[in-house]
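Attaching a single structure in structure tokens format; questions to follow.
Whatever order the structure lists them in is the order used to number ligands and atoms, beginning at 1.
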Amino acid sequence: MVDPPADATLADFLRRAERLLVLTGAGISTESGIPDFRSPGGVWTRYDPRQMTFDRYVESAEVRAMSWAMRREFFAAGARPNRGHLAIAAMEAEGRSVGVITQNIDGLHQEAGSQTVVEIHGTARTVGCIGRRPRWGTPDGCGFSADTTWAFQRIDEGDPDPACPTCGGLVKSATISFGQAMDTTSMDAAAELMARADAMLVVGSSLQVHPVAGMPVDAVDRGLPLAIVNREPTPLDHLADVVVHGSAGDVLG
Ligand code: APR
């Protein structure tokens with residue numbers, strides 16, 4: 001177990017951690033050109049999150065079209081890993097980190113070389129069948145899955161609402177939307193990393209969305225030292241041993 005750092009500097013915190021669990025949010029990818037959600041100009045300042053729920057996706061072809069537009073904008077950024085992603089991958093490569101739990105859907109941690117990445121909100125890189133009328137926020141698909149470019153190709157060929165080629169069901173990005181059931185495999189993997197960790201580092205998250213917003217609280221409840229690196233204050237700063245308000249790339253890179 002790592003004792004809280006005496007002089008509470010991030011460098012000491014990271015030096016003391018032997019099995020660091022890193023928890024990231026959209027803020028770690030903004031320096032790669034992907035906007036976050038709640039900062040000025042963020043995604044939720046341009047799209048209405050109340051429309052971007054699982055049920056609205058199922059009900060409305062218009063919402064599905066808006067979601068595909070959002071997804072295409074996302075990929076248009078042509079994002080590459082930045083110094084923050086690379087620093088986190090290096091911690092794992094040096095045997096000092098058990099891995100990353102990320103809320104991000106961009107795959108940049110994997111591209112940066114991180115081997116253990118739990119994508120707790122899924123991934124934008126693939127799409128899948130969710131069935132014709134899934135209910136209670138639970139996909140009920142036939143198993144069809146494809147790279148997201150499959151959907152973009154169908155849309156470019158004139159089909160604004162690509163349906164499953166196998167069963168005719170709805171097709172959705174393999175992300176977890178508001179109101180959608182969490183993926184139990186990912187949740188179990190996150191719990192396993194938490195059980196192994198001796199410290200937690202949060203990078204680039206407003207810590208407002210559960211279940212992730214509860215993870216630093218669980219960590220502290222378990223006696224783990226907590227560090228938070230975020231451009232702005234978060235609601236959990238008071239729980240952290242170390243808080244750095246700054247850009248992830250500058251602070252970690
Ligand atoms: N370095 C450090 N922090 C940054 C940087 C940066 N370069 N850029 C932005 N930030 C901070 C912002 O100040 C903000 O507090 O990152 C945080 C990002 O917060 P959100 O935009 O709320 O993103 P996130 O916490 O990942 O949101 C969680 O909400 O809408 C859902 O599914 C979506 O996964 C997302 C979830």
To which protein heavy atom is atom 34 (O) of ligand 1 closest, and what is the distance rounded to 0.1 Å?
->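 Protein heavy atom at minimum distance: His121 ND1, 2.9 Å.
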Looking only at N/O atoms, are Ala248 and ligand 1 under 3.5 Å apart anywhere?
->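 Yes; the residue has a nitrogen or oxygen that sits under 3.5 Å from a nitrogen or oxygen of the ligand.
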Any idea which protein heavy atom is nearest atom 8 (N) of ligand 1, and the distance to it?
->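 Residue, atom and distance for the closest contact: Thr30 OG1, 2.8 Å.
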For atom 3 (N) of ligand 1, which candidate among His210, Glu232, Arg83, Arg231 provides the closest heavy atom?
->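 The option holding the nearest heavy atom is Arg231.
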Measure the distances from the heavy atoms of Ser247 to every atom of ligand 1 and state whether one is below 4.0 angstrom.
->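 Ser247 counts as a contact of ligand 1 under the 4.0 Å cut-off.
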State whether the number of non-hydrogen atoms from other residues, nucleotides or ligands found under 6.0 Å of Glu62 atom CD is greater than 12.
->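 12 or below, so no.
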Answer yes or no: is there a donor N or O on one side and an acceptor on the other, between the side chain of Arg19 and the main chain of Arg196, under 3.5 Å?
->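 Checked: pair present.
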Applying side-chain hydrogen bond (donor to acceptor under 3.5 Å, both in side chains) between His245 and each of Asn230, Thr234, Asp237, report the one that passes.
->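 It is Asp237, the one option of Asn230, Thr234, Asp237 that forms the side-chain hydrogen bond (donor to acceptor under 3.5 Å, both in side chains) with His245.
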Nearest 0.5 Å, what's the CD-OG1 distance between Gln180 and Thr175?
->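 Spacing of CD (Gln180) from OG1 (Thr175) equals 6.5 Å.
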Identify, for atom 19 (O) of ligand 1, the protein heavy atom at the shortest distance, and state residue, atom and that distance.
->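 It is Ser206 N, 3.2 Å.
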Considering only non-hydrogen protein atoms, determine which one is nearest to atom 11 (C) of ligand 1 and report residue, atom name and distance to 0.1 Å.
->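 Minimum-distance protein heavy atom for atom 11 (C) of ligand 1 reads Asn230 OD1, 3.2 Å.
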Compute the shortest N/O to N/O distance between Asn104 and ligand 1 and return yes if it is under 3.5 Å, no if not.
->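 Among all N and O atoms of Asn104, none is under 3.5 Å from an N or O of ligand 1.
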Which atoms of ligand 1 sit under 4.0 Å from any heavy atom of Glu31?
->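 Near Glu31, meaning under 4.0 Å from one of its heavy atoms, ligand 1 has 1 (N), 6 (C), 7 (N).
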Protein heavy-atom partner closest to atom 25 (O) of ligand 1 - residue, atom, separation in Å |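 Result for atom 25 (O) of ligand 1: Ser205 OG, 2.7 Å.
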Protein heavy-atom partner closest to atom 2 (C) of ligand 1 - residue, atom, separation in Å =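 Going atom by atom, the protein heavy atom closest to atom 2 (C) of ligand 1 ends up being Gly246 O, 3.3 Å.
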If you measure from each heavy atom of Gly84 to ligand 1, is any distance below 4.0 Å?
->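 The answer is no: ligand 1 sits nowhere under 4.0 Å from a heavy atom of Gly84.
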Kindly say whether Gly42 contributes a backbone atom to a donor-acceptor pair with the side chain of Ser39 at under 3.5 angstrom?
->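 Absent.
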Do other residues, nucleotides or ligands put more than 12 heavy atoms under 6.0 Å from Arg135 CZ?
->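 Counting other residues, nucleotides and ligands, CZ of Arg135 stays at 12 neighbours or fewer.
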At what distance is the nearest protein heavy atom to atom 5 (C) of ligand 1, and which residue and atom is it?
->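 Here the closest protein heavy atom is Gly27 O, 3.1 Å.
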So, Ser29 and His85: side-chain donor and acceptor under 3.5 Å apart, yes or no?
->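 Checked: Ser29/His85 side chains pair up, N/O donor to acceptor below 3.5 Å.
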Decide whether Ser145 and Thr126 meet the rule of one side-chain donor and one side-chain acceptor closer than 3.5 Å.
->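 No, Thr126 and Ser145 have no side-chain donor paired with an acceptor closer than 3.5 Å.
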Heavy-atom nearest neighbour in the protein, as seen from atom 28 (C) of ligand 1, with distance rounded to 0.1 Å |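 For this ligand atom, the closest protein heavy atom is Gln103 OE1, 3.1 Å.
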Just distances here: any N/O of Phe37 and N/O of ligand 1 closer than 3.5 Å?
->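 There is such a contact, yes.
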So which of Ala26, Gly25, Ala213 gets nearest to atom 23 (O) of ligand 1, if we judge by its closest heavy atom?
->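 That would be Ala26.
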Proximal atoms of ligand 1 relative to Ser39 (non-hydrogen, under 4.0 Å) =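 Ligand 1 atoms under the 4.0 Å threshold to Ser39: 12 (C), 13 (O).
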Assess the side chains of Arg71 and Ser173: does a donor N or O sit below 3.5 Å from an acceptor N or O?
->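 Side chains of Arg71 and Ser173: pair found under 3.5 Å.
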Ser247 side chain vs Gly249 backbone, donor-acceptor pair below 3.5 Å |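 Flag not set: sc Ser247 to bb Gly249 has no pair under 3.5 Å.
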Considering the heavy atoms of Gly204, write down every atom of ligand 1 situated less than 4.0 Å from one of them.
->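 This gives 3 (N), 16 (O), 17 (C), 18 (C) as the contact atoms.
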Between Trp150 and Phe144, ring centroids under 6.0 Å |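 Yes: the rings meet the under 6.0 Å criterion.
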If you measure only the distance, is there a donor-acceptor pair under 3.5 Å linking the side chains of Glu92 and Thr116?
->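 Yes, Thr116 and Glu92 have a side-chain donor paired with an acceptor closer than 3.5 Å.
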Atom indices of ligand 1 within 4.0 angstrom of Trp44 heavy atoms, with elements |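 Close to Trp44: 30 (O).
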